[in-house]
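Here's the structure, in structure tokens; my notes come after.
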Amino acid sequence: MSFKEIFCQDSAIDILQRAYSSGRASHAYIFAGPEGVGKFQTASLWAKLLLCHNPIIENGSAQSCDSCRSCKLFDAGTHPDFIHVYKELREFTEDGKGKAPPVEMPVDVIREMLNAKVSNRPSLSSRKVFIVSETEKMNASSQNCMLKVLEEPPVYCCIILLCTRLEKLLPTTKSRSHIIRFGPIQENRIFEKLSEKGLDANISKYFARLAQGSLGQACNWAELEMNGANIYESKQNLINSLAQYTYPDAIELADVILSRKAKITALWSDLDEKTSKTDISRRVDKLFIQIIIAALYDAMRLNIIPELEAINFDQLKQIEKFASRFDAEIAAEKIADCFTMLQWFESNVNERLIFEHLLLSLADCDTIKI
Ligand SMILES: [Zn+2]
């Protein structure tokens, strides 16, 4: 893969290319932006370029050569001067063996996989590059531990922090890093990508809208769908139910969601053995909440700007019926509640409680307040 193939992140790549050509690559970067917009891919290409022995420079744009020993080891995932730090590495730390996959980035991972390795000089290339994933899941003690290396990184070091929520990083972490922003991907470009994969046009269009700029999420859903996950069918059934269910049906509807969710989670775990089951389970919970949020957005907009095209363009009648339950203000409140629910998943609140609570609340806005 080359920088040219990174989708719609020209300005971020331009900043990196200019830094490279002027010989002023930073020692610490934060790649900030939504999930699934190419932050990790860009960081990997940047790492490979910094480590490459014979970089190719054409028209002011640098690229790794793909053929030197460094590039070959990088592609094989065995480069001694490249370290990917992620929370699941806890099981390889001194005290982490046999522990469940962590929700936050454990301080032990930072101490043993980053801090302890920064001081070892590079052995093959002139630099040593670290990518730290999901830094929005670092608590204060992990960040304070990491600050020790961000304060005075060795000259050969480049540390790239990937982050979906910049506000979760301490001001001291941000001030010591060069922040590069990655924007959401345009809906029509996501649609094109999904169609290229051979996904049905209606499903591609819905996923492209639901993903809200996250190409990575949309591609994950597309792969699952093509492997029989029936996400689209689940969403159609859910919107049908939302349009007509009543308060007593809420618990049963939560059951239906949870059983669909379990099937999708099992399939996703089979397809992606690298990611922890807890994370996959959360992603699927989040997907169902996103589907509900999209229906509420449609309901809200229908009441304010009816000519705007809906995310659920394929179920307008049901959305109209659903919208009749809310005025725009209540729909907006319910959307805010859904985002609170997303935080609850992160805090390990029982998923059944969350779905039941949300569906009861949507069925009877006047009597149940969250
Ligand atoms: Zn090379």
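Ligands are counted one by one from 1 in listed order, and the atoms in each one are counted from 1 as well. Numbers here are sequence positions counted from 1. Predicted model only: the values in this text are computed from it and were never measured.
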(request) Scan for salt bridge (Lys or Arg N to Asp or Glu O under 4.0 Å) pairs involving residues 58-74, sequence neighbours excluded, and state none if there are none. (result) Lys48-Asp66

(request) Please identify each residue that fulfils salt bridge (Lys or Arg N to Asp or Glu O under 4.0 Å) with Arg90, with sequence neighbours left out. (result) none

(message) Can you confirm whether or not the ring centre of Phe355 sits under 6.0 Å from the ring centre of Phe345?
(response) yes

(request) Scan for salt bridge (Lys or Arg N to Asp or Glu O under 4.0 Å) pairs involving residues 352-362, sequence neighbours excluded, and state none if there are none. (result) Asp255-Arg352, Arg352-Glu356

(message) Under 6.0 Å from the ring centre and within 45 degrees of the ring axis: does the NZ or CZ of Lys261 meet both conditions for the six-membered ring of Phe288?
(response) no

(message) So, with waters excluded, how many protein N/O/S atoms does the Zn ion (ligand 1) have closer than 2.8 Å?
(response) 4

(message) For the CD atom on Glu329, are there more than 12 heavy atoms of other groups (residues, nucleotides or ligands in this structure) within a distance under 6.0 Å?
(response) no

